[in-house]
Novice: 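This is the structure, below, for whatever I ask next.
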Amino acid sequence: MKVVMAQRILRANDQVARENRERLRNVLTVNLISSPGAGKTTLLEKTLAGLKDRLRMAVLEGDIYTTRDAERIAGQGVDVVQINTRGLCHLDANMVSRALDQVDLEAVDLLFIENVGNLVCPAEFDLGEDCKVAVLSVAEGGDKPAKYPLVFQQARAAVINKVDLLALSDFDLPAVQDELKTINPDLEIFVASVRMGEGMEAWLNWLQEQVRRKNGARSGTG
């Protein structure tokens with residue numbers, strides 16, 4: 001009986017996700033997923049600052065209770081809509097649909113959805129995004145891809161963050177990269193220290209290329 005209920009919930013979510021995807025047909029939408037503390041919000045802040053002169057951007061900010069991350073993102077001068085889940089460990093398509101009502105999608109090229117900090121539930125819910133991006137940090141340890149493979153299987157890209165801490169940890173960077181490629185051979189991997197700025201330009205260039213590809217696919221020139 002529990003399995004049947006779960007299937008109904010996911011089917012209903014997927015229907016709304018398809019409607020979201022249609023609304024977002026002109027906007028590249030990136031769903032950022034990570035454990036708490038991996039650095040998603042800092043990555044988002046630096047990304048917004050790096051692309052503000054190149055792309056029009058907005059953010060849907062997921063959080064269980066607070067508005068702290070949204071306040072940080074608003075400091076970058078972009079439109080941000082807070083979604084508080086009130087205890088739920090993930091965003092779902094209905095929450096995103098309601099938030100989209102508050103965004104001028106005609107004025108946006110790139111929309112980020114910062115999901116709730118969790119490597120499990122957010123991977124199971126389609127929000128209508130173009131792609132998921134997983135953020136993994138050196139401080140968490142290198143066992144997360146093997147322990148939570150679904151998010152890395154579904155992601156188009158992964159950012160390995162906080163590599164400035166490598167010398168202080170037993171994080172085996174080449175081994176983690178190999179494991180990620182075993183889980184998802186098509187995964188684009190970025191090695192970065194977001195706080196120090198290392199690796200950011202490759203990440204920014206990749207995002208711009210994804211926007212260009214979506215625009216090209218829409219116009220038939222991609």
Side-chain angles (χ1 to χ4, degrees), residues 5-34 40-41 43-44 47-48 51 55-64 69-70 73 78-135 148 150-159 184 186-188 203 206-220 222:
M5 289 177 66
Q7 288 176 339
R8 285 177 178 170
I9 291 170
L10 289 174
R11 277 201 299 269
N13 180 82
D14 289 348
Q15 174 58 39
V16 179
R18 285 191 288 273
E19 294 167 5
N20 289 346
R21 190 166 283 111
E22 175 59 23
R23 294 173 71 183
L24 293 164
R25 61 189 179 281
N26 296 328
V27 180
L28 181 77
T29 304
V30 176
N31 181 5
L32 288 173
I33 300 175
S34 80
K40 308 195 285 305
T41 307
L43 175 66
L44 198 44
T47 301
L48 296 169
L51 292 178
L55 295 171
R56 302 173 300 169
M57 296 173 286
V59 176
L60 307 185
E61 185 63 51
D63 197 296
I64 296 178
D69 291 346
I73 297 304
V78 301
D79 286 341
V80 54
V81 179
Q82 177 72 53
I83 306 173
N84 282 127
T85 64
R86 296 293 175 187
L88 288 179
C89 59
H90 60 88
L91 299 178
D92 65 29
N94 269 310
M95 298 175 191
V96 170
S97 177
R98 290 192 294 271
L100 289 177
D101 293 341
Q102 302 178 53
V103 179
D104 179 5
L105 295 177
E106 296 298 320
V108 176
D109 303 307
L110 174 56
L111 176 70
F112 290 102
I113 303 172
E114 183 175 355
N115 218 310
V116 174
N118 184 342
L119 283 176
V120 183
C121 308
E124 298 177 359
F125 283 78
D126 183 3
L127 304 181
E129 74 272 26
D130 289 286
C131 64
K132 294 178 173 66
V133 172
V135 183
Y148 308 101
L150 181 60
V151 64
F152 298 99
Q153 289 168 349
Q154 294 191 347
R156 188 180 298 177
V159 178
N184 180 355
D186 296 325
L187 189 69
E188 192 81 32
W203 160 247
W206 182 82
L207 285 169
Q208 289 188 102
E209 176 62 15
Q210 302 310 302
V211 172
R212 189 195 66 76
R213 287 186 181 186
K214 179 153 186 174
N215 290 340
R218 191 174 69 247
S219 65

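Nothing here was measured: the structure is a model prediction, and the numbers come from that model.
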Novice: For the atom pair CD (Q154) and CG (L187), what is the distance rounded to the nearest 0.5 Å?
Specialist: 12.0 Å
Novice: Within a reach of under 6.0 Å around CG of N94, are more than 12 heavy atoms found that belong to other residues, nucleotides or ligands?
Specialist: yes
Novice: Assess the residue pair V59 and V78 against the criterion (side-chain contact (heavy atoms from CB on, under 4.5 Å)); give the C-alpha distance rounded to whole Å, side-chain angles, the decisive distance to 0.1 Å, and a yes or no.
Specialist: CA-CA 7 Å; V59 176; V78 301; 4.2 Å; yes
Novice: Nearest 0.5 Å please: distance from the CG atom of L127 over to the CG atom of N13.
Specialist: 7.0 Å
Novice: State, to 0.1 Å, how close L150 and E124 come at their nearest heavy-atom pair, and which atoms those are.
Specialist: CD2-CG, 3.9 Å
Novice: Would you say F112 and L60 make side-chain contact, with heavy atoms under 4.5 Å?
Specialist: no
Novice: Say whether R213 and Q210, considering side chains only, have a donor N or O and an acceptor N or O under 3.5 Å apart.
Specialist: no
Novice: Any donor-acceptor pair under 3.5 Å linking the side chain of Q102 with the backbone of L100?
Specialist: no
Novice: With a 4.5 Å cut-off on side-chain heavy atoms, are V135 and L43 touching?
Specialist: yes
Novice: Which heavy-atom pair separates N115 from K40 by the least distance, and what is that distance?
Specialist: O-CE, 3.3 Å
Novice: Is there a side-chain contact between I64 and L88, using heavy atoms and a 4.5 Å cut-off?
Specialist: no
Novice: Please check: side-chain N/O of N184 versus main-chain N/O of F152, any donor-acceptor pairing under 3.5 Å?
Specialist: yes
Novice: I'd like to know whether L207 forms a side-chain contact (heavy atoms from CB on, under 4.5 Å) with L51, so could you lay out the CA-CA distance, the side-chain angles of the two residues, the decisive distance to 0.1 Å, and finally the verdict.
Specialist: CA-CA 9 Å; L207 285 169; L51 292 178; 4.0 Å; yes
Novice: Under 6.0 Å from the CD atom of E106, do we count more than 12 heavy atoms belonging to anything else shown?
Specialist: no
Novice: If you look at every heavy atom in L55 and Q208, which pair is closest and at what distance?
Specialist: CD1-CG, 4.2 Å
Novice: Is the closest side-chain heavy-atom distance between V81 and D79 below 4.5 Å?
Specialist: no
Novice: Between D101 and R23, is any pair of side-chain heavy atoms under 4.5 Å apart?
Specialist: yes
Novice: To check you understand the geometry: which heavy-atom pair defines the closest contact between F125 and L91, and what is its length?
Specialist: CB-O, 3.8 Å
Novice: Apply side-chain contact (heavy atoms from CB on, under 4.5 Å) to residues T85 and M95 and explain how you reach the verdict.
Specialist: CA-CA 8 Å; T85 64; M95 298 175 191; 3.8 Å; yes
Novice: Quick one: does V30's side chain get under 4.5 Å of L28's, heavy atoms only?
Specialist: yes
Novice: So how far is it from R86 CZ to D63 CG, rounded to the nearest 0.5 Å?
Specialist: 10.0 Å
Novice: Output the distance between atom SG (C131) and atom CG (L32), rounded to the nearest 0.5 Å.
Specialist: 8.5 Å
Novice: Quick one: does T29's side chain have a donor or acceptor within less than 3.5 Å of a partner on V27's backbone?
Specialist: yes
Novice: Would you say I113 and V96 make side-chain contact, with heavy atoms under 4.5 Å?
Specialist: yes
Novice: Given 3.5 Å as the limit, does a donor-acceptor pair link the side chain of N118 with the main chain of V120, or not?
Specialist: yes
Novice: If you compare all heavy atoms of R156 against all heavy atoms of D130, which two are closest, and at what distance to 0.1 Å?
Specialist: NH2-O, 3.0 Å
Novice: Do the side chains of E61 and L44 get nearer than 4.5 Å, heavy atoms only?
Specialist: yes
Novice: Have a look at D126 and tell me which of R21, R18, Q15, K132 forms a side-chain hydrogen bond (donor to acceptor under 3.5 Å, both in side chains) with it.
Specialist: R21
Novice: Can you confirm whether the side chains of E114 and T41 place a donor and an acceptor under 3.5 Å from each other?
Specialist: yes
Novice: In Å and rounded to the nearest 0.5 Å, what is the CG to CZ distance from L105 to R25?
Specialist: 9.5 Å
Novice: Please report the closest heavy-atom contact between A58 and V103, naming both atoms and the distance.
Specialist: CB-CG1, 4.3 Å
